[in-house]
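Reading through the structure tokens given below for one structure.
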Amino acid sequence: MNEITSTRHNHLIDPSLQIWNWEIPVYLFLGGMVAGMMLIAGYFLFKGRENEENCSCFYLPYISFVLLSLGMLALFLDLEHKLYVWRLYTTFEISSAMSWGSWILVLVYPMLIVNILLKPPAAVVEKFPILNKPKEYFFSNPMRIKSFGVLTMFFGAGIGLYTGVLLSSLGARPLWSSSILWMLFLVSGLSGAAAFVHVIAKNVYERELLAKADNAFLIIELFVIALFIVGLKTATEVQASAADLLLTGDYAASFWVFVIGLGIVIPFIIQILAVNHKIKHTPIAPLMVILGGLVLRFVIVSAGQFSHWFRTY
Amino acid sequence: MNSLSRRRFLKISGATISAAAAVTSLSSVVKGAQKIDEKTGKPIKGIQKIPTYCDVCFWKCGAIAYLKDGELWKIEGNPNDPLSNGRLCPRGTGGIGAHYSTDRIKHPLIRKNERGEEKWVEVTWDEALEYIATKMKKIKREYGPESMALFSHGVGGTFLKHTMKAYGTNNMTAPSFAQCRGPREVGFEMTFGEGVGSPERTDIENAKCITFIGSHLGENMHNTQVQELSKAIANNASIIVVDPRFSVVASKAKYYLPIKPGTDIALLLAWMNVIVKEKLYDVDYVEKYGYGFEQFAAEIEDKTPEWAYPITTIEPELIRKSAREMAKNIPASFIHPGRHTTWYGDDTQRSRAIALLNALLGAWGRKGGFYLPNKFSVPKYSDYPKYPKSKKPLVHNPGHKYPYAEGEQLSTGIREATINGIPYPIKGWMVYATNLLQALPNRDETIAAIKNLDLLVVVDIVPSEIAGWADVILPEATYLERYDDLNNAPFKQNFVSLRQPVIDAPHDQKPNWWIAKKLADKLGVGNYFPWNNIEEYLDARLKKAGLSLAELKKKGVVKGEKQPIYFDEGIEPGFFTPSGKIEFYSLQLEEHGFDPIPKFTDHGNPPPGYFRLLFGRAPVHTFSKTQSYKFLKDAMSENEVWMNQTVANKMGLKSGEYVQLKNQDGKKSGRVKVRPTERIRTDCVYMVHGFGQTAKEMKTTYKKGGSDAELVTRYKMDPIMGGTGMNVNYVTIDWEA
Amino acid sequence: MARYGMVIDTLKCVGCQDCVIACEAENSVPEGFCRDWITTEAKGTFPTIQMEIRTERCNHCTDAPCVSACPTGASHYHDIGGVVLVNHDECIGCKACIASCPYDARFVHPEGYVDKCTFCIHRVEKGQDPACVSVCPTYCMTFGDFDDPGSEVNKLLNSRRYHSLLPEAGTKPNIYYLT
């Protein structure tokens, strides 16, 4: 028997950490989606698909811009000392993932704006002809646009892995102290974005491609989740019991049903059948993937706060 | 999503919402008073330090209150005070909560509806005192002044006692005798001719072996004792703890004896058997000072550890080892006499057994044992007229049924007289600073007595449970807002200390001396208060001791010259017993038909499914008084019922789950959390006393936790001194919430 | 350089919370929160129990993860003694420091910034002990400088067995518990 009692009773800290509510998972989810979309858009630019009139790379930046802004709003809403938010940008703290993240976000916005200007709205260009300059600059040389595509992918990956690194840099929470959490969030972002683009893509080729790609991402995601769990289970006792929170503990139901079942396995099967033309493409499977990604963030953030060193020492 | 996870998600958002609400309500912190500069009319800037002495418990530690910009900030120990040595206990440190308590009564109140309904009309002090005086005069006319009784706890009662005596009654009591330390005092008086007193005359810091029986020092925070215990631990003193619960001090012990509740006398006899048989006792000391040792030795001849084992459940070897340990450290070895000692109705005999074991160890009058305290002499105020003489006897102990209840009166005796009118009716109670509903056993009897009264006046800081039943509540200024009488309690180092106001009362509260004086005026006995204000009184007393109020106001505490406190320092050993010796065989007890040498009596077992109800103290609370103090309420807002882990598992009870307790008479407690733990026996449960308060006006404490007092319907009278043994109730888990 | 820390004698501590209350009064800690607290750890089965009582607080770690996690530099090491402090008007309340602390020593003050034990640096700078240390009726806490070889805290560590909390977290805590 090991009976531990504490007189501490701090709000949001005891009996288990509850400092992060819906805002952070939503931000992580939206950040992941934006990361995936930038990777996809960048890939299409790299592949020279900018010549296709209805290429997704032209409207994904708009969507990314909106989603990223919503994510930033969620992040802002989470701050407890909101009036001091500007303090983020009076310094750069090299050891702080949060500081890296806030600066990356600042760099991503211009990136998205340039992406948008690859095909600026006609009405706007008429008024401000100067806005046509970037388009002219990039389109004048295929290598330029290819390089720009790579740069877009680079920043997309940056956000994606940052969302994972943010949590795993907080070593005090055993569930998060995994070196592949960033990969999980990146792949999950990719699969969510691919599912999303698959639904909205006007280009048939892209739609088919993304359905296939999404299946690949889902398989990889499943694999990364397995690695994540095995990594925790084979690490320290506290990390092992943190993994148990997902496998058999309080979060097992949401993890198995929503993340693994409805978020990965079932949409994978549906999409396999659809890709092989056994059934029709519907938005159902992609929607499931996207929701699965959202629940994944909720589960990881919530269970991570619940996991703790002290419970076993 | 499965229900568990969903609940967890919901729990998160629910907790966030309720916590946010809690924070909002916290922002409405009650403002205390401000110390105003008389010249500028503005709060005094900067830090002010004002010495005083504490009143959160009865230890009366010297303290220094700090004001920041005119507002009460913090309170620390007075480094010159021998009781606190500059360090207060958690209650003292949290004492400023008394001033800031959100539940404080702001104005005098007169009852509007039925008694106990807690509906009041705010009145002026003049109206309230006029009301009381009219009623008291009527009682005096119809029944005689003796039909008024005073229940009073603590130093603050001094002046009300004076008013009551001037009015003509001597029926006055405190629960601190028959519900607390009475048996201990009588048991030691029977043996050594003197009681232990308060502060207890235990020389813990110099002891090499200290034995605690049920006394959970460290959870009860008698400041000097805790400080000394720590020094003893630093000196590697051996600690022996006897307790059905693995207390804090048990964790410091070399030997822990997990005794079956109610069998301590058997253990004590077995210990003495070992020490006498193995001739480990202080032979010279016993020969020199002992009386009746031969009879005593013969009596305990067969009380072997093997005899005690089935009674106490303590292994004979453990009894022997612990007995040898205490004997090895003679004479710096003693058994702590405890303080709250009213357990089983044979408590005087248990205390006597403790005293006798201490006598075998040669502890009385010895360094590391029981020192002989001395007192800073401060003459009484002498310019008072003589009190009127009463022809009637006191009511608390008719026919001297309890022969040794004479020093202090039995509060349950006065209650009994109030119920049955024997030897004469009691028609009025004045209750000062004691919540009788938590302090006295069997609440129904207290309420029955109250129903017979023509007048119930309660003087208190907060609308306590007893105040809820009052006809008139008089709101008192807290100790931080008033003067009181001097403290020159007998101690190792003689001293005198002053309580003085450090801040104004925040509303219309008044100090007790003012209340007593004004009431005396109204009663027509104003001539008993020849002084205009308490400063005159205090200065007059201090002048006679060669000091002055001005000096005390500055220093807070003045120490006298160090006096000898041990036999070894030249004090002539003397014992105020009939034989003039330490009485191993008590002639007085024999004369009254009691066992001259303590005997073990069986106190039974809980019926199946029931547990013996035990209760004790927490370090952050005093009785039921401090639960509304900020800081202290944060440190412990409700109590829990401790229950053996295995038992709880069998019953399917989880940690933190709310239950109700039901006693053998069907009385139920309020909702209280279960604390399953390995730290307690399977045959008893334990609660911290003072919680589960039922006064609705006590907003911060109402129904927080459970009250042991509600469950103590039965009590066993100590035939020697009238103490009420309260550990004789059994409870079961009644309802799970 | 100084490295401030505490040595706490668990054999003396009775867990009375005097340190907690003294801290709350000294530092006007908002109601419902505490900067230090008591942990009681009981091992074994009745009646054979080993129990350790500890007063706990921020460990003022030498490698403080909270300082690393802070995006604005609000959480920092004080010039004197390496005490870990939070600058209220640089703190944005992102709570990364709270999540990074293995001791859960931090909390969000109702005014929005993150709050924690300061080792009563305002007292220490005046040559006084922290409030918790100076109030303790068991004298179980000793505050001092681990970089001073002759300091009382080093003497205690040299003479007794001790442990720190979660050394495996790698934060180099500066509070040691004598056993």
Side-chain angles (χ1 to χ4, degrees), chain B residues 19 22-24 26-27 29 66 68 73-77 84-97 217-219 221 223-224 226-227 229-231 233-234 245-246 248-252 256-258 618-620 630-636 644-646 677-682, chain C residues 9-34 36-38 40-55 107-112 123 128-129 131-141 156 159-160 178-179:
Chain B
V23 170
T24 334
L26 289 181
S27 61
V29 170
Y66 285 68
K68 198 194 269 173
W73 170 31
K74 63 175 179 180
I75 187 157
E76 292 179 352
S84 74
N85 300 305
R87 294 173 182 233
L88 297 177
C89 83
R91 298 163 301 166
T93 306
I96 65 166
L217 199 57
E219 285 161 284
M221 285 303 293
N223 193 354
T224 327
V226 175
Q227 296 195 19
L229 178 66
S230 164
K231 286 176 189 160
I233 289 170
R245 184 179 65 99
F246 190 84
V248 163
V249 70
S251 73
K252 319 283 182 197
Y256 167 56
L257 286 67
V620 293
K630 82 172 186 179
F631 302 132
L632 299 185
K633 86 175 163 209
D634 226 23
M636 184 182 183
N644 180 277
Q645 181 77 58
T646 313
T677 175
E678 286 294 341
R679 294 175 54 194
I680 193 165
R681 285 174 62 99
T682 54
Chain C
D9 192 342
T10 61
L11 299 186
K12 290 181 178 174
C13 178
V14 294
C16 70
Q17 297 196 62
D18 208 353
C19 45
V20 179
I21 293 159
C23 167
E24 289 172 350
E26 175 73 31
N27 297 299
S28 304
V29 177
E31 268 189 75
F33 293 92
C34 57
D36 54 351
W37 58 91
I38 300 293
T40 307
E41 200 177 342
K43 289 181 179 149
T45 44
F46 190 82
T48 314
I49 291 167
Q50 286 286 319
M51 191 160 95
E52 181 172 296
I53 306 170
R54 295 187 295 262
T55 161
F107 59 87
V108 182
H109 190 283
E111 285 171 22
R123 288 172 62 97
Q128 296 170 314
D129 272 332
C132 54
V133 176
S134 74
V135 79
C136 176
T138 70
Y139 304 80
C140 77
M141 280 177 266
L156 283 167
S159 64
R160 293 271 300 271
L178 303 176
T179 56

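Here the structure is a predicted model, which means the values were calculated and not measured. Residue numbers begin at 1 in each chain, while the letters A, B, ... track the order of the sequences.
Neither the backbone nor the side chain of B:R91 comes within contact range of chain C; no heavy atom of the residue lies under 4.5 Å from a heavy atom of that chain. The parts of C:C136 that come within reach of chain B are both its backbone and its side chain, each placing non-hydrogen atoms under 4.5 angstrom from that chain. Proximity to chain C (any heavy atom under 4.5 Å) is shown, for B:I75, by neither the backbone nor the side chain. Heavy atoms of C:I53 lying under 4.5 Å from chain B belong exclusively to its side chain. With a 4.5 Å cut-off on non-hydrogen atoms, C:T10 touches chain B through its backbone but not through its side chain. Looking at B:L88, only its backbone comes within 4.5 Å of chain C, counting heavy atoms on both sides. Of the atoms belonging to C:V20, not a single heavy atom falls under 4.5 Å from chain B. The contact between C:A42 and chain B is made entirely by side chain atoms (from C-beta outward), counting heavy-atom distances below 4.5 Å. With a 4.5 angstrom heavy-atom cutoff, B:F631 touches chain C via backbone and side-chain atoms both.
Taking each heavy atom of B:F246 and B:Y256 in turn, the nearest pair found is N-OH, 3.4 Å.
For chain C, the option among B:T682, B:V226, B:I233, B:I680 with the highest count of heavy-atom pairs below 4.5 Å is B:I680. Contacts with chain B were tallied for C:D18, C:T138, C:V14; C:D18 has the most, counting heavy-atom pairs under 4.5 Å.
With respect to the salt-bridge test (charged N to carboxylate O, under 4.0 angstrom), the residues C:R54 and C:E41 qualify.
Using modelled atom types, one side-chain atom of B:Q227 and one backbone atom of B:R87 make a donor-acceptor pair closer than 3.5 Å. At least one donor-acceptor pair under 3.5 Å links the side chain of C:Q17 to the backbone N or O of B:A635. In this structure a side-chain-to-backbone donor-acceptor pair under 3.5 Å is missing from C:E52 to C:T179.
In this structure C:K12 satisfies the side-chain hydrogen bond (donor to acceptor under 3.5 Å, both in side chains) test with no other residue, sequence neighbours excluded.
Ring geometry, C:F107 versus C:F33: the interplanar angle falls under 30°, so the pair is classed parallel (tilted spans 30 to 60°).
Shown here is C:Q50, whose CD atom has no more than 12 heavy atoms of other residues, nucleotides or ligands within 6.0 Å.
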